[in-house]
There are 2 protein chains.
Amino acid sequence: MGATIKDIAELAGVSPATVSRVLSGQSDFYSEKTARRVHRAAKKLGYQKNTSAVELVTKTSKTIAVIVSSTQTNFADQIIDGIQEQAMQKDLNVIILYAGEKNAKLQKRALETVIERSVLGILLVAIDLDPSNDNLLRSANIPFLFLSICFRNHRFPFISSDDFKIGYQATTYLIEKGHVKIGFAAADLESFTGQLRLAGYRRAMDEYQLPTSPDWVSDGDFAYEDGVLAMKQYGEETQLTAVIASSDLAAIGILNQAQAFNVKVPNDLSVVSIDGTYLCNIVRPRITSVTQSFREMGIKGMQTLLGGKLDQFDLLYTGIGITERESAKSHG
Amino acid sequence: MGATIKDIAELAGVSPATVSRVLSGQSDFYSEKTARRVHRAAKKLGYQKNTSAVELVTKTSKTIAVIVSSTQTNFADQIIDGIQEQAMQKDLNVIILYAGEKNAKLQKRALETVIERSVLGILLVAIDLDPSNDNLLRSANIPFLFLSICFRNHRFPFISSDDFKIGYQATTYLIEKGHVKIGFAAADLESFTGQLRLAGYRRAMDEYQLPTSPDWVSDGDFAYEDGVLAMKQYGEETQLTAVIASSDLAAIGILNQAQAFNVKVPNDLSVVSIDGTYLCNIVRPRITSVTQSFREMGIKGMQTLLGGKLDQFDLLYTGIGITERESAKSHG
DNA sequence: CTGTTAGCGCCTTCAA
DNA sequence: TTGAAGGCGCTAACAG
């Protein structure tokens, strides 16, 4: 293939070791003169460093791996943006791998790929790791951190929004707007995230001594279709005056099905979504949301990952906040 | 770090060479018995192959790299899906890197990262490579192929939709619906893609002997805001009865600004977008689009990349088609 | 400041 | 079918 440091050494009339020192920028260990000679020779030969060789001997890599749950998670972009920003700043490379949705085999494959390459660190974005892969990840001896997902019992270190608070805040927002009958739609109730949010919703309703009904809670998977289904479940003549959607896409599903029912948002029904991605701004009516700090999640994620101490890592939540738009209004 | 084949060899009572043969599956070169022994030892030690070492000696890698222009290109997901499908099938790993939007430095960085790792092949999705990086890519001696972007004069091999045809087809569709005054909005007229589509639009208008006006063509960058701006440029009282948007997001921008103007879509104004991603289905009215075969682009991309012969590669266009939805209707 | 030497973990002849 | 030996390209002591 390409030229090696040996070729450069020959052309520049120095030893390979010197070339190595110059090229890897170990300043103070070579003279300006030889440095220039080496660089010139390298350029002339179109030299490209062989990362495999470097990593083989140094046993460290300058790339961090991001494993994402699928191509469909529309907020992952923001998290990755934050990661990239930090990587740039710290002169690290980032590679991204997809691990599908709840697919143990794909997860394993992605993990193996990055472990075999002994990356510097692994960030897992919205990955609900199959327990069969726990050991693989743990025994690799590579720092890792989960992003945008919560675990029970400190199974793994993670950074996420406080999902209980998300549910709580969305609900109190609506209650304080005068709503009493509030739906909770399209979250995956099997997931810890979904359960936390639901718990937050229930707590808020309880605190205000508002009755709830199982019919108001619809199961799903955070998807557009789940929003549509939820609205269908509530029905054309629903008694609900407000709904909390588990994601922006789910909220759009609710909006569209409401329109099909000729239920007016926000006049007949207020909708609050969770996430607050750009989608909230481009649909009409715009969607009021509990907005998560995804970009910050990426930034904090990188900082934490690189900061070490992941073993004694104690829960870090990134901020959330209500962004008011047109899809929710006061009731009564 | 982890165990090496030497450790395994010791534990299994064979030579490292044998372990290597067993683990890399060179069947016919070892007995079942030793194979079992080796595998058992490997599992016991939690062995993970050191990819750096393997690649250093074999000089080949089983991973293909995908470089994407940014996290914002919402159709890239579909292309990547297609790529992943093929990779899965051929037992290849894929890593994804972002190269920003028109950012020569980021492009260079991404290229270097993957070249240094001597990946099997490089797929560049929606990357308008800065000329300063042409040489880097070419001299790496790694097969590469551009996806979803066109080049003049065979600068690089690519697979894309036929952008001229896209412009032409969108226009004739509207003309045949009776529209005469048709806008062409929010495409980047500096890009070859934008120019081709515009040429297609003009050809169609010409063929039907329809006059056009420079005012009907708005420049932009395929973004949501460009759609909004285009509609503002056309104005509340526009004479246009139809507009072709350069992307789904741009179309949504047009929709929203039209609504702000109280211009009814499709009654007062028909809108056709280019791309046909899921966004077309979740906004109201749904958007009629010239739909591109992004997934197929990914699949064909992988096949072509791996098939070799990229030097004598002759243009391959993936299919397009009109998907009728509610945002466009007959005029007059 | 620079050259020499010895591997990193693995694959691959070559011989046995 | 297996083992021994050499080397991939690079870095890291250790001398000088």
Side-chain angles (χ1 to χ4, degrees), chain A residues 1-39 41-42 45-63 112 115-120 140-142, chain B residues 1-39 41-42 45-63 112-113 115-119 140-142:
Chain A
M1 294 265 157
T4 71
I5 56 170
K6 232 168 149 181
D7 302 323
I8 299 178
E10 206 162 327
L11 183 62
V14 296
S15 77
T18 301
V19 176
S20 169
R21 286 190 273 253
V22 172
L23 261 28
S24 50
Q26 296 177 262
S27 31
D28 307 348
F29 283 109
Y30 53 80
S31 67
E32 272 307 309
K33 211 182 62 181
T34 43
R36 260 195 297 280
R37 280 243 291 280
V38 168
H39 278 128
L45 296 171
Y47 172 75
Q48 285 290 147
K49 127 174 75 179
N50 182 325
T51 304
S52 299
V54 176
E55 292 184 355
L56 178 56
V57 40
T58 63
K59 288 161 169 330
T60 81
S61 150
K62 290 187 66 166
T63 100
E112 283 178 339
I115 291 173
E116 286 171 4
R117 293 182 170 281
S118 56
V119 294
L120 224 198
N141 251 322
I142 298 177
Chain B
M1 294 266 159
T4 72
I5 56 170
K6 230 168 150 183
D7 301 325
I8 298 177
E10 206 163 326
L11 183 61
V14 297
S15 78
T18 301
V19 176
S20 170
R21 286 191 271 253
V22 172
L23 260 28
S24 49
Q26 297 177 259
S27 29
D28 308 348
F29 283 107
Y30 52 79
S31 67
E32 272 307 310
K33 210 182 62 180
T34 44
R36 261 195 296 280
R37 280 243 290 281
V38 168
H39 279 128
L45 295 170
Y47 173 75
Q48 286 289 146
K49 129 175 73 180
N50 182 325
T51 304
S52 299
V54 175
E55 292 185 355
L56 177 57
V57 40
T58 63
K59 287 158 169 332
T60 80
S61 150
K62 288 185 69 165
T63 101
E112 282 178 340
T113 304
I115 291 173
E116 285 170 4
R117 294 183 170 282
S118 55
V119 295
N141 252 321
I142 297 177

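For A:Leu45 against A:Ala3, the heavy-atom pair with the smallest separation is CB-CB, 3.7 Å.
Close to D:dT11, at under 4.0 Å from its OP1 or OP2, lies a side-chain N or O of A:Ser20. Residue A:Thr4 has no polar side-chain atom (N or O) positioned under 4.0 Å from OP1 or OP2 of D:dG9. Between A:Lys59 and the phosphate of C:dG9, there is a side-chain N or O to OP1/OP2 separation shorter than 4.0 Å. Residue A:Thr18 places at least one side-chain N or O under 4.0 Å from the OP1 or OP2 atom of C:dG3.
The distance between atom NZ of B:Lys49 and atom C1' of C:dG9, rounded to the nearest whole Å, is 13 Å. Following rounding to the nearest Å, B:Leu56 (CG) and C:dC11 (C1') show an atom-to-atom distance of 10 Å. We find that CG of B:Asn50 is positioned 14 Å from C1' of D:dC10, with the value rounded to whole Å. Taking atom CZ on A:Arg37 and atom C1' on C:dC1, their separation rounds to 13 Å, with Å as the unit. One interatomic measurement links the two molecules: CD of B:Glu10 to P of C:dC10, which rounds to 14 Å at whole-angstrom precision. For the pair A:Glu55 CD and D:dG9 C1', the interatomic distance rounds to 13 Å; values are reported in whole Å. Between the C1' atom of C:dT2 and the CD1 atom of A:Ile5 lies a distance of 14 Å, rounded to the nearest Å. With rounding to whole Å, A:Lys6 atom NZ is found 13 Å from C:dT4 atom C1'.
Distance check: A:Ser15 OG to A:Ile8 CD1 gives 12.0 Å after rounding to the nearest 0.5 Å. For the atom pair NZ (A:Lys6) and CG (A:Leu11), the distance works out to 15.0 Å, reported to the nearest 0.5 Å. Rounded to the nearest 0.5 Å, atoms CG (B:Leu56) and OG1 (B:Thr51) are 12.0 Å apart.
Residue-level contact check: B:Val57 touches the bases, meaning some heavy atom is under 4.0 Å from a base atom. Nucleic acid contact for B:Val19: none, since no nucleic acid atom lies under 4.0 Å from a heavy atom of the residue. Among the protein residues, A:Thr34 comes within range of the sugar-phosphate backbone only, with heavy atoms under 4.0 Å from sugar or phosphate atoms but none that close to a base.
Residue whose closest nucleotide on DNA chain D sits further toward the 5' end, between A:Pro16 and B:Ser31: B:Ser31.
Surrounding CD of B:Glu10 are at most 12 heavy atoms belonging to other residues, nucleotides or ligands under 6.0 Å away.
Checking C:dG9, D:dG3, D:dT11 against the side-chain heavy atoms of B:Ala53 singles out C:dG9 as nearest. Candidate nucleotides C:dT13, D:dT11, C:dT2 were compared by shortest atom distance to the side chain of A:Arg21, and C:dT2 ranks first.
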